[in-house]
There are 2 protein chains.
Amino acid sequence: MKKEVTTLKQLAKALNVSISTVSRALNDHPDISLETKDKVQKLAAKLNYVPNIFAKGFRQHKTNIIGVIVPNITHYFTTTIVRGALEEAESKGYRVIISESNNNVEKQKEMFNTMLQFGVDGILASLTKRTRNVDYILATLNNLPIVLFDKVSNKIPCTQITINDEEASYNLIDHLINIGKTRIAIIKEGEYSYNSEKRFSGYLKALKEHNMDVDPKMIITVEDISLQEGKRMANVLLSAKEKPDAIFAITDGAAIGVIKTLKKFNIKIPEEIAVVGFSNSSYSTIIDPKLTTVDQPGEKIGRTAMKYLIDEIDNPEENITSKFVEIKSNIVIRDSSFKA
Amino acid sequence: MKKEVTTLKQLAKALNVSISTVSRALNDHPDISLETKDKVQKLAAKLNYVPNIFAKGFRQHKTNIIGVIVPNITHYFTTTIVRGALEEAESKGYRVIISESNNNVEKQKEMFNTMLQFGVDGILASLTKRTRNVDYILATLNNLPIVLFDKVSNKIPCTQITINDEEASYNLIDHLINIGKTRIAIIKEGEYSYNSEKRFSGYLKALKEHNMDVDPKMIITVEDISLQEGKRMANVLLSAKEKPDAIFAITDGAAIGVIKTLKKFNIKIPEEIAVVGFSNSSYSTIIDPKLTTVDQPGEKIGRTAMKYLIDEIDNPEENITSKFVEIKSNIVIRDSSFKA
DNA sequence: CTGAAAGCGCTTACAG
DNA sequence: CTGAAAGCGCTTACAG
């Protein structure tokens with residue numbers, strides 16, 4: 001079905017010049033006379049000539065395609081990152097192939113391979129939560145620039161873009177302490193989760209700096225954090241002998257689960273128990289009370305990551321090195337922790 | 001930086017056979033002896049040979065890449081469609097290039113052109129709301145198969161996948177009437193919006209079939225429907241002499257805006273005023289009361305659309321024809337319209 | 001059963 | 001200032 005498309009050959013024939021000349025004229029090569037350039041370009045425009053990117057890329061070992069791998073494309077935060085990455089890529093003449101790993105390590109491995117096979121110029125990836133084996137990623141890194149974002153891994157020596165998880169988390173807890181909370185619980189994931197660990201260490205740091213005790217009963221670790229787990233773990237926390245007066249759930253989803261449970265028991269938020277989340281997802285203003293959380297600038301993360309990647313594609317360096325870039329995020333204080 | 005990759009040539013040299021033979025052996029061509037196939041395939045595996053898809057595609061005038069154009073990639077419904085489309089495409093050996101038109105007609109036009117230039121094998125698109133000029137799409141359609149989904153246009157003779165908007169909307173209104181509502185308002189968009197019009201006609205149809213009057217005061221049309229507009233328009237409806245006893249907002253976002261306003265005025269939902277939306281977005285269970293809405297099976301829409309597209313790519317037909325496919329959606333009754 | 005050769009559309013070092 | 005030729009990695013009709 002693909003119809004005939006104008007080629008250099010046809011232009012050359014119509015104008016009685018060589019293909020080389022047409023190619024140069026179209027690429028504005030300095031050698032070509034203005035006159036020739038002019039007539040070539042006019043005809044090209046008239047015949048709607050578009051270069052065959054793949055012939056070109058094939059020739060130059062470049063496809064102008066960048067692969068993006070994300071664990072779950074339905075997450076709002078992810079889509080804002082993708083949007084930023086797309087904008088940046090398109091403005092520089094690149095196209096983006098997207099794939100979803102569904103948090104499945106096997107699928108992720110397959111993605112890296114097919115991306116390589118499809119000849120992408122570089123890969124932007126956020127890893128699945130449980131990425132243990134990174135051998136194939138290291139192997140890929142030998143062939144292509146890779147930039148990681150959000151879910152990164154310090155086992156991979158490449159550029160990694162994250163937000164200031166630890167600092168933001170510290171600020172959240174600091175805020176809770178400042179409004180008088182003294183018994184702050186956290187709902188987090190295990191040490192396999194990069195982001196969770198960072199947020200947890202921000203939590204610990206804040207408590208320590210305020211000389212507050214760390215009560216193991218107030219530290220809840222779940223396998224896979226979610227709204228459901230938030231609900232469940234709020235129940236667990238409420239059944240403690242000494243209840244918390246604030247709960248930090250390391251994702252908005254879980255924080256919303258917590259709020260739902262607290263509301264069920266008619267617990268006043270934030271007076272009896274304050275709740276804070278992380279992400280500033282679009283849910284955070286739908287829920288009542290509106291959620292205090294950390295605003296993660298997704299588009300900026302996406303743009304920044306793509307910028308670094310394209311830069312590495314354009315200026316290949318021999319030695320691959322780790323580089324950690326933190327994007328600043330800010331806490332957004334709302335009714336779930338503070339009533340004006 | 002792109003490193004050396006194993007090629008047919010290298011395999012041929014190493015095995016002392018011709019490139020043709022290697023190519024055939026790898027493609028399991030019946031002419032080749034089992035013995036040869038075996039030794040070629042073994043070495044290929046050992047050297048980690050992956051075919052260069054672009055050389056192949058270039059040769060065969062096929063890229064195995066499909067372009068997907070969506071108005072806004074951050075919409076949850078859109079992401080579920082994309083997920084379905086990705087799954088289907090990947091299972092058939094295709095990759096997907098995604099681009100966002102940001103509901104901008106100029107950008108959309110550019111997308112179609114660069115997709116063409118990048119040599120995609122087909123395009124899957126959801127159009128921007130205000131697509132008037134479709135000339136360039138018709139021109140593209142001459143070169144490539146196009147399948148439209150969600151935001152479609154009957155001005156373009158191609159396969160179009162939507163949900164049963166009219167029917168679903170009819171069912172919603174029917175439900176409201178059955179629970180005793182008699183004064184049902186609708187918040188919709190103008191006639192430039194395909195989906196809005198369909199939903200509106202379902203509304204009218206239901207009223208008519210129940211012999212209910214259509215009160216123009218109960219029909220609110222906004223330019224661009226959103227949560228904010230939902231809030232605003234709920235205020236307008238509340239200031240009417242005769243208030244509605246149910247409000248149908250044609251998107252969940254707007255319905256949530258309506259609920260927020262009603263709650264502000266302490267109006268009982270659903271007793272005084274019931275609220276229904278459309279989409280079954282993830283917000284619909286976050287809001288209190290949970291929202292009655294229409295579940296749109298996004299993944300199925302995506303899978304179906306991609307299936308049709310790939311089918312058209314594989315079996316090109318000479319004459320392009322319109323084909324309308326409706327995916328069934330179901331209403332989900334929740335607290336905002338019915339208290340058990 | 002295997003190979004030599006042409007060609008997909010483009011760029012570019014070389015020659016003039 | 002312009003052209004002829006090689007080559008990117010692959011497939012396939014043709015020949016043997």
Side-chain angles (χ1 to χ4, degrees), chain A residues 1-41 43-44 47-65 93 116-121 143, chain B residues 1-41 43-44 47-65 93 116-121 143:
Chain A
M1 167 153 194
K2 274 189 191 175
K3 279 267 184 67
E4 284 307 308
V5 147
T6 312
T7 64
L8 290 189
K9 201 173 168 185
Q10 289 169 27
L11 293 176
K13 199 170 167 193
L15 293 167
N16 239 326
V17 293
S18 74
I19 295 179
S20 331
T21 302
V22 176
S23 171
R24 292 198 186 95
L26 257 18
N27 288 318
D28 216 23
H29 193 286
D31 271 1
I32 306 295
S33 73
L34 282 179
E35 195 191 3
T36 307
K37 270 185 198 168
D38 197 55
K39 78 178 180 190
V40 171
Q41 288 170 358
L43 186 66
L47 296 186
N48 239 318
Y49 171 78
V50 283
N52 179 323
I53 296 271
F54 289 111
K56 193 171 177 169
F58 173 44
R59 177 64 226 265
Q60 299 173 323
H61 289 279
K62 194 161 187 253
T63 54
N64 278 290
I65 294 186
L116 197 58
Q117 178 179 151
F118 262 78
V120 298
D121 293 336
N143 291 316
Chain B
M1 166 157 192
K2 275 188 192 176
K3 281 267 183 69
E4 284 308 307
V5 146
T6 312
T7 64
L8 290 188
K9 201 173 165 183
Q10 290 170 26
L11 294 177
K13 200 170 165 191
L15 292 167
N16 238 325
V17 293
S18 72
I19 296 180
S20 330
T21 300
V22 177
S23 170
R24 292 198 186 94
L26 257 18
N27 289 316
D28 215 24
H29 192 287
D31 271 4
I32 305 294
S33 74
L34 282 178
E35 194 191 3
T36 309
K37 270 186 198 169
D38 198 55
K39 77 177 180 192
V40 171
Q41 288 169 358
L43 185 67
L47 296 185
N48 238 319
Y49 170 76
V50 281
N52 178 324
I53 295 272
F54 290 111
K56 193 170 178 170
F58 173 45
R59 177 65 226 264
Q60 299 173 323
H61 289 277
K62 196 160 185 255
T63 54
N64 279 291
I65 294 185
L116 198 59
Q117 180 181 149
F118 262 78
V120 299
D121 293 336
N143 291 316

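Scope of the values below: all heavy atoms of this structure, side chains included, with no hydrogens, waters or symmetry mates. Labels below follow one simple rule: chain letters A, B, ... track the order of the sequence lines, proteins then strands, and each chain is numbered from 1. Predicted model only: the values in this text are computed from it and were never measured.
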Between atom CG in A/L8 and atom C1' in C/dG7, what is the gap in whole Å? 15 Å
Grab the CG-P distance between A/N64 and C/dC10 for me, whole Å please. 15 Å
Earlier contact from the 5' end, DNA chain C, for B/A55 and B/K37: B/K37
Considering all heavy atoms, the nearest B/S23-B/L8 contact: CB-CD1, 3.8 Å
Grab the NZ-C1' distance between B/K13 and C/dA4 for me, whole Å please. 18 Å
Dot-bracket for DNA chain D, 5' to 3', with Watson-Crick and G-U pairs under 3.5 Å, [ ] for crossing pairs and | for other-strand pairs: what is it? |||.||||||||.|||
Say you pick atom P in D/dA6 and the same atom in D/dT2; how far apart are they, in whole Å? 23 Å
Salt bridge (charged side-chain N to carboxylate O under 4.0 Å, His left out) between B/D28 and B/K37, intermediate numbers included: CA-CA 7 Å; B/D28 215 24; B/K37 270 186 198 169; 3.3 Å; yes
For DNA chain C, whose closest nucleotide is more 5', that of A/D31 or that of B/H29? B/H29
Interatomic spacing from CG in B/L26 to OG1 in B/T21 - rounded to 0.5 Å: 11.5 Å
Protein-nucleotide distance (B/K9, atom NZ; D/dC10, atom P), rounded to Å: 11 Å
Return no unless some side-chain N or O of A/Y49 is found under 4.0 Å from OP1 or OP2 of C/dC10. yes
How far apart are the closest heavy atoms of A/T6 and A/Y49, and which atoms are they? O-CD1, 3.3 Å
Rounding to an integer number of Å, can you tell me how far B/N27 CG sits from C/dT2 P? 15 Å
If every non-hydrogen atom of A/A25 is compared with every non-hydrogen atom of A/I32, which pair is closest and at what distance? N-CG1, 4.0 Å
pair A/T7-A/I19: side-chain heavy atoms closer than 4.5 Å: no
pair B/V22-B/V17: side-chain heavy atoms closer than 4.5 Å: yes
Do A/L116 and B/V50 have side-chain heavy atoms sitting under 4.5 Å apart? no
Separation of B/L47 atom CG from D/dG9 atom P, in whole Å? 15 Å
So, is B/T36 close to the C/dC1 phosphate, meaning a side-chain N or O under 4.0 Å from OP1 or OP2? no
Minimum heavy-atom distance between B/L43 and B/A14, given as atom pair plus value: CD2-CB, 3.8 Å
Neighbours of DNA chain C within residues 16-26 of chain B, by heavy-atom distance under 4.0 Å: B/V17, B/S18, B/S20, B/T21, B/R24
